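Structure first, then comments.
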Amino acid sequence: MPEKFLKPYDPSETESRTYDTWEKSGLFNPDECVKQGVTSADAPAYSIVLPPPNVTGRLHMGHALMLAIEDVFIRYKRMRGFRTLWVPGTDHAAIATQSVVEKQIKKDENKNRHDLGREELLKRINVFALESHDTIVNQVKTMGASLDWSREAFTLDESRNKAVNTVFNKMYDSGLIYRGHRIVNWDPKGQTTISDDEVVYEERTAKFYTFRYSKDFPIPVATTRPETKVGDVAVAVHPDDARYKEFVGKEYDAVFCDVPIHIKIVADKEVDPEFGTGAVGVTPAHSQTDWDIADRHGLSHEVIIINEFAKMTVDGRIKDKKTTEAREIVVEWLKTEGLLEKEEDITQNVATAERTGGIIEPLPKLQWFIDVNKKIEGRGKTLKELVIEAVRSKQIKIIPEYFEKTYFHWVENLRDWCISRQIWYGHRVPVWYRGEEIAVGEAPDGEGWMQDEDTLDTWFSSGIWTFSTLGWPNETEDFKNYHPTDLLETGYDILPFWVMRMILMTEFTLGTIPFKTVYLHGMVRDAKGRKMSKSLGNNMDPLDVTAKFGADAARMALVVGNTPGTDMRISEDKVKGYKHFANKLWNIARFILENTENTPKNHVGRGTSYMIEGDLKILYEHDVLVKDVTADIEEFRIYMAAEKLYHYAWHELADKIIEESKPIFAGEDAGARASRAQLLLTLLDHTLRILHPFMPFITEEIYQSMPTKDSEFLMVAKWPAEPVVQKKDVESA
RNA sequence: GCGCGGUUAGCUCAGUUGGUAGAGCGCCUCCUUGACGUGGAUGAGGUCGUAGGUUCGAUCCCUACACCGCGCACCA
């Protein structure tokens, strides 16, 4: 028995050494597996593309969970003989990364992006992104993730840029990408548009004011934003509202807080007669709903009263004031004029920007959009329909299944996707202008072309991640071999943001699905069930956890009992429990190796030639476990598989089988001893194999000392899929 | 308002096709010093949210309700 077993198991010593050895072997790369003869060249492929972590800093426990789950499937498939590919990468995360760096620069140097200029800011962001990248890669490796680093990708590198431009061009040519002047979510703090799903609603209490535009205005109007009323062009009421019917169609002039306005009364079914006074002041340029009302009644969109800095642009006393200041001034004016009829408290949802926290100001802007409702030539369907169909037809399976409802619900509410951003970090919109001329896709030859200043929504490049990482648009072997990918594993919180968009982009570009199965994990919370956050100070750093308890323990703690789609709680105590388990396993190995040292070579193996009946039965029961665990993994119940393995190793193998073995080894019956030795070696060998996807390090380390070892690494050893004992052999006993 | 999920042992959660419930941690009692004290053996503890229904039989299927969590929409 090797001396290492005389000491307690030390993950910190073992894990980094083992990962290095694996990496050097090249066997994370399926081509290398074929070359070295551990995988057959015509074996079926299995692929996962890693959801790329944002280069905004470091990984959190959610990432650790993702890595643990995906590595389970990857290692399992590799051992089953598949040509198994797991592609690593990181996401530039455009706005998220830029705002982190901008904040830092503001703090350190009190400068904003305009002080630095585009080039300098990008330089700084790239430095930061590179540092983050290195930290992240190191963290990923620490978790034991068997990713093929030779294929690493970045959402903003040259190859991905080519893919992005190609897709953009194709969408533009088919008329799905268009430039339009529309209301967008403008973030005054971040100075950019954001998409609908980057908007976060915060419940706040606000004042709800009921007023009239002037003394002789016939209808009272209620609003939480009196300052915007200088931009009103109409008042909308419900067509059936008896109170206001007689005024519909009439027009009025007024001077509202120094600003001349012209108001038409219109009837619109969207107005809720029960809410407020049942009359809506219509501000087309600063509200999506109002814009739509204006469209329906032929009203002007042109009255713009707020600028990109959320300041008033009208003349008079509120000129250049921030909207919040202007609100107070307008209310004051209303009071003085005797036009304010009521003031009450209501709770309302305020739209804020996910990244900056700025309050969204809806503004009309010229932006690039993807049309989700236009029939695609040649397909006869809209993007929305394609995205629904891919899941409804069961081509893509979502786990847990009930998330399909959320998915459909989400897609049905989908509107055109605004893809241009007024930030600098990201894929530049691949459009060039020269006077009236426009060029799309790649930079045109000739003088005087100016590229669009904007960049693309970060989800545009992550939407094509499953195939951009495989070398597309080049016709690569990887793309042919590994796409569509087999599994997409990610948190349920980005089902609409990302999963849906990958389906959308892939369906459009390739006419196929991007992946066959979507496995959604839940959120990782602290021991009290709270979200982990900086402000609460309850973050767990995966690096700290693995340093303290080992990556194997961290992985088990994250996987055992963690059903898909359900949030989980994690605490150091839980991880500690699995560190104990690792040590238990170590001692199981120690006992077995110690007591089987003199076993003749021909007794070592996975056969049953020397086994007596009782031992055959124990081996048969183990076969059943292997079968169960295999089925659990195949059917995505890895939370169950992990628990069964834990239970078997500790409470069957250690507590029962090993305990029973002590008197046998101390006894006189040589036949029983030989049988038991063969049994224990087989049980341990199989247990290591099927536990390997979950606890790769310790199992590999023990395997290296096993007399049953039949491959250089456990990582590429065979999964014991075939039962050793036939049922009839046991039943006859 | 629409939708989704949850409600099972003190705590955290499982329970794969309906057959009077399981794990981990915690707790009680005991044992043990050559595999492991990061150990072993026992035990206590649940009318499976409430009310109906289907069934020979329901934690599991159906209906309603309550409470908790979440998503979407509205928010003039």
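Letters A, B, ... are given to chains in the order of the sequence lines, protein chains preceding strands, and every chain is numbered from 1. Just so we're clear, the structure is a prediction, and the values are computed from it rather than from any experiment.
The side chain of A/W650 lies closest to B/G40, out of B/A35, B/G15, B/G40. In this structure, the nucleotide among B/U16, B/C36, B/A23 sitting nearest to the side chain of A/D632 is B/U16. When the nucleotides B/A14, B/C36, B/C75 are ranked by their closest atom to the side chain of A/Q348, B/C75 comes out on top. Taking the side chain of A/H409 as heavy atoms from C-beta on, and the options B/G71, B/C4, B/U38, the nearest nucleotide is B/G71. With B/C75, B/C72, B/C25 as the candidates, the nucleotide lying closest to the side chain of A/Y646 is B/C25. When the nucleotides B/C75, B/A14, B/U38 are ranked by their closest atom to the side chain of A/P8, B/U38 comes out on top. Listed nucleotides: B/C72, B/A35, B/C75. Nearest to the side chain of A/W410: B/C72.
A stem is defined here as three or more consecutive Watson-Crick or G-U pairs, each with both distances under 3.5 Å; for RNA chain B these stems are B:1-7 with B:66-72, B:10-13 with B:22-25, B:29-31 with B:39-41, B:49-53 with B:61-65.
For A/K584, no side-chain nitrogen or oxygen approaches OP1 or OP2 of B/A35 to under 4.0 Å. Here A/K531 does not reach the OP1 or OP2 of B/C70: none of its side-chain N or O atoms lies under 4.0 Å away. An OP1 or OP2 oxygen of B/C72 is reached within less than 4.0 angstrom by no side-chain nitrogen or oxygen of A/T406. OP1 and OP2 of B/A14 both lie 4.0 Å or more from every side-chain N or O belonging to A/H647.
Aromatic pair A/Y578/A/F549: ring centres not closer than 6.0 Å. Aromatic ring centres of A/Y252 and A/Y213 lie farther apart than the 6.0 Å criterion allows.
Atom OH in A/Y648 sits roughly 20 Å away from atom C1' in B/G22 (whole-Å rounding). Atom C1' of nucleotide B/C70 and atom CG of A/D567 are separated by 9 Å, given to the nearest angstrom. Look at NE2 on A/H580: it is 11 Å from C1' on B/G39, rounded to the nearest Å. The separation between A/H651 atom NE2 and B/U42 atom P is 11 Å, rounded to whole Å. Going from atom CD1 of A/I588 over to atom P of B/A35 covers 13 Å, rounded to whole Å. Across the protein-nucleic acid pair, A/F408 atom CZ and B/G3 atom P stand 17 Å apart, rounded to whole Å.
Residue-to-nucleotide contacts include no donor-acceptor pair under 3.5 Å from the side chain of A/K405 to the base of B/C4. Taking 3.5 Å as the limit, the base of B/A35 and the side chain of A/E659 contain a donor-acceptor pair of atoms between them. A donor-acceptor contact under 3.5 Å is not formed by the side chain of A/R569 with the base of B/U12.
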Report, one line per pair, each donor and acceptor closer than 3.5 Å where one atom sits in a side chain of residues 404-413 of chain A; sequence neighbours left out.
| residue | atom | partner | partner atom | Å |
| --- | --- | --- | --- | --- |
| A/E404 | OE1 | A/K394 | NZ | 3.4 |
| A/Y407 | OH | A/V387 | O | 2.9 |
| A/N413 | ND2 | A/H409 | O | 3.2 |

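Classified by interplanar angle (parallel below 30°, tilted 30° to 60°, perpendicular above 60°), the ring pair A/W333/A/F256 is perpendicular.
Salt-bridge formation is not detected for the pair A/E659/A/K656: no Lys NZ or Arg NE/NH1/NH2 atom is positioned less than 4.0 Å from an Asp or Glu carboxylate oxygen.
With a 6.0 Å cutoff to the six-membered ring centre and a 45° limit on the axis angle, A/R501 counts as a cation-pi contact of A/W417.
Annotation for A/E401: atom CD does not count as buried by contact number, only 12 or fewer foreign heavy atoms lying within 6.0 Å.
At the heavy-atom level, A/G276 lies nowhere under 4.0 Å from the strands shown.
For the residue pair A/E198 / A/S195, a side-chain donor-acceptor distance below 3.5 Å is found, with atom types taken as modelled.
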